[in-house]
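I have placed the structure first, in the form of structure tokens, so that the comments after it can refer back to it.
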Amino acid sequence: MTGSPIAELRSPRVLFVCTGNIARSPYAQLRLRQLRPELSVVSAGIPGLRDQPMDPAMAAQLAARGGDPRGHRSRQLTGDQLAAA
């Protein structure tokens with residue numbers, strides 16, 4: 001046995017996926033990051049829009065809860081993101 005399975009665990013990584021990556025998944029990503037900053041959290045879309053800001057209605061919901069949607073830019077899901085999660 002090479003070592004304790006617990007010692008080999010990485011920090012949890014969370015990947016949220018939705019269709020466009022402009023509403024549900026970025027809201028979940030940014031809200032979870034706000035609540036649990038120690039986690040690695042990302043989001044993407046299938047097929048995903050490219051380089052779009054967060055939907056204004058969802059951005060308002062996030063801001064109402066103390067989150068900051070300004071830096072979000074949508075992206076498509078990749079195999080590397082899946083493997084990392």
Taking side chain to side chain donor-acceptor pair (under 3.5 Å) as the test, write out the residues that go with Gln52, two or more places apart.
none

Residues at least two apart in sequence or cross-chain that pass salt bridge (Lys or Arg N to Asp or Glu O under 4.0 Å) with Arg70, listed by chain then number, are Asp68

Within a strict 4.5 Å, meaning less than it, do heavy atoms of the Leu77 and Leu15 side chains meet?
yes

Shortest non-hydrogen contact from His72 toward Met54:
CD2-N, 3.9 Å

So, does Ser25 use its side chain to make a donor-acceptor pair with the main chain of Ser43 at under 3.5 Å?
no

Quick one: list whatever passes side chain to side chain contact (heavy atoms under 4.5 Å, CB included) with Arg75, sequence neighbours left out.
Asn21, Val42, Ala44, Gln81

Asp80: side chain to side chain donor-acceptor pair (under 3.5 Å) partners, not counting sequence neighbours:
none

Does Arg13 reach the main-chain N or O of Ala85 with its side chain, forming a donor-acceptor pair under 3.5 Å?
no

For Pro47 versus Gln76, what's the shortest heavy-atom pair and its separation?
O-CG, 2.8 Å

Heavy-atom closest contact (Asp51 atom, Arg73 atom, distance):
O-NH2, 2.6 Å

Side chain to side chain contact (heavy atoms under 4.5 Å, CB included) involving Arg36 - partner list, sequence neighbours excluded:
Leu32, Glu38, Leu39

When clusters are formed by joining ILVMFWY residues with side-chain heavy atoms under 4.5 Å apart, either directly or through shared neighbours, do Ile46 and Leu49 land in the same one?
no

Please list, chain by chain and in numerical order, all residues satisfying side chain to side chain contact (heavy atoms under 4.5 Å, CB included) with Ala28, sequence neighbours excluded.
Phe16

